[in-house]
Student: 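The structure that follows is given in the form of structure tokens.
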Amino acid sequence: MSEKRVVDARGSFCPGPLMELIGWMKMAQVGDELELLSTDKGSVSDVPEWVKKVGHEFLGAREESGVWHLTVKKAK
Amino acid sequence: MDANRLSIVVVSGSLERLQMAAMVASVGAVSGNEVSVFLSMNAMPYFVKGSDAPAPPEGPFGTLMAGKNVPAFRGLFENAVELGGAKLHPCSMAMDVMGIEREALEPYLGEPLGLTKFLHETRGTQVWTF
């Protein structure tokens, strides 16, 4: 059964949030969703780029009072 | 040229250069590139087992960075190895000069290499120097 996990990388600078996400992605199962919380604006372009490059699925980005919520699904 | 292979030579002991080298190594390695790092000269002492000495900034940006929650360069190099399969090679000449053996270095470092072998193994790759 797929799970959804929140990865809180608020306050960390590039490439901290991406590395945190990847660490959790490695441990996740195919089909799991991870929501990355980041205050690093670069994550908004870097995370989808990484997802595309390695072949996972990017489900979307939204901003809430200075925090970016980036949702990714483990596809393989 | 094999654009998916990155060779990174790190000889500086300054915070900015170690940080940028670690960023290129970690992001490069987790994005599907084969990454090989050659550590020598002033960069070497930071990878002696148990070393937690901070790297001195070489300019105002380094000073600014030191007060922020920027991911530590040692941790990023470790991410490069553990999450992206990068190889971090200590330079055998630098080890000789420092009088240290492989066991004295952090376990996430790979095999010591001489320059001749590193140059041979990284022929035709992107080369980054810090």
Side-chain angles (χ1 to χ4, degrees), chain A residues 3 5-30 32-59 61 63-76, chain B residues 2-6 8 10 14-35 37 54-55 57 59-88 106-108 125-126 128 130:
Chain A
E3 289 185 19
R5 172 181 284 282
V6 174
V7 179
D8 189 351
R10 288 175 295 175
S12 180
F13 288 86
C14 169
L18 180 65
M19 293 300 148
E20 286 238 8
L21 174 70
I22 294 170
W24 286 104
M25 283 291 269
K26 290 241 166 193
M27 288 186 278
Q29 307 292 316
V30 171
D32 286 357
E33 286 180 21
L34 281 88
E35 183 179 342
L36 176 69
L37 309 188
S38 176
T39 45
D40 171 54
K41 217 173 166 191
S43 302
V44 184
S45 52
D46 283 351
V47 170
E49 183 65 28
W50 174 79
V51 168
K52 191 170 81 179
K53 175 106 189 171
V54 300
H56 294 301
E57 196 181 332
F58 188 69
L59 299 178
E63 197 230 314
E64 244 173 60
S65 35
V67 179
W68 284 93
H69 297 245
L70 306 159
T71 311
V72 175
K73 186 175 183 177
K74 180 160 171 150
K76 54 173 200 179
Chain B
D2 190 344
N4 290 323
R5 291 180 62 205
L6 311 185
I8 303 170
V10 195
S14 86
L15 176 60
E16 291 90 329
R17 288 173 194 273
L18 286 162
Q19 188 71 27
M20 198 68 220
M23 288 168 71
V24 174
S26 56
V27 175
V30 300
S31 303
N33 300 288
E34 195 181 306
V35 172
V37 182
F61 197 90
T63 308
L64 186 65
M65 209 164 49
K68 306 259 182 184
N69 188 20
V70 171
F73 69 86
R74 289 181 181 87
L76 288 176
F77 276 123
E78 209 171 341
N79 288 159
V81 173
E82 283 173 7
L83 303 176
K87 300 265 192 308
L88 263 66
E106 289 289 358
Y108 58 86
T125 67
Q126 285 191 52
W128 297 69
F130 294 93

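Proteins come first, then strands; the chains are lettered A, B, ... in the order of their sequence lines, and each starts at number 1. Remember, it's a predicted structure, so these values are computed and weren't measured experimentally.
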Student: Say whether, by atom type as modelled, one donor and one acceptor occur between the side chain of A:Thr39 and the main chain of A:Gly11 under 3.5 angstrom.
Tutor: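 Yes.
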
Student: Would you give the length of the straight line joining atom CZ of B:Arg74 to atom CD of B:Glu106, rounded to the nearest 0.5 angstrom?
Tutor: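 Rounded to the nearest 0.5 Å, the CZ-CD separation comes to 7.5 Å.
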
Student: Taking side chain as C-beta onward, heavy atoms only, is B:Glu78 less than 4.5 Å from B:Leu88?
Tutor: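 They are not in side-chain contact.
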
Student: Counting only non-hydrogen atoms closer than 4.5 Å, can you tell me which residues of residues 66-76 of chain A sit against chain B?
Tutor: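 Answer by number: none.
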
Student: Pull out the residues in residues 22-31 of chain B that come under 4.5 Å of chain A, heavy atom to heavy atom, sorted by number.
Tutor: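 Result: B:Met23, B:Ser26, B:Val27, B:Val30, B:Ser31.
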
Student: Please report the interatomic distance CG(B:Asn33) to CD(B:Gln126), rounded to the nearest 0.5 Å.
Tutor: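 Rounded to the nearest 0.5 Å, the CG-CD separation comes to 7.0 Å.
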
Student: Among B:Trp128, B:Phe130, B:Phe77, which residue satisfies the side-chain contact (heavy atoms from CB on, under 4.5 Å) criterion with B:Val37?
Tutor: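 Single side-chain contact (heavy atoms from CB on, under 4.5 Å) partner of B:Val37 among B:Trp128, B:Phe130, B:Phe77: B:Phe77.
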
Student: Can you tell me how far the CZ atom of B:Phe73 sits from the CZ atom of B:Arg17, to the nearest 0.5 Å?
Tutor: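 One finds 14.0 Å between CZ of B:Phe73 and CZ of B:Arg17.
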
Student: Does the B:Glu16 side chain pair with the main chain of B:Thr63, one donor and one acceptor, at a distance under 3.5 Å?
Tutor: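 Flag not set: sc B:Glu16 to bb B:Thr63 has no pair under 3.5 Å.
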
Student: Can you measure from CZ (B:Phe61) to CE (B:Met20) and round to the nearest 0.5 angstrom?
Tutor: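 Separation between the atoms: 9.5 Å.
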
Student: Considering only heavy atoms and a distance below 4.5 Å, find which of B:Val70, B:Leu83, B:Asn79 pairs most often with chain A.
Tutor: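 Among the listed options, the one with the most contacts to chain A is B:Leu83.
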
Student: From A:Ile22 CD1 over to A:Leu34 CG, what is the distance, rounded to the nearest 0.5 angstrom?
Tutor: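 Separation between the atoms: 11.5 Å.
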
Student: Just verifying a value: how many Å separate B:Leu76 CG and A:Leu18 CG, rounded to the nearest 0.5 Å?
Tutor: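 That separation rounds to 10.5 Å.
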
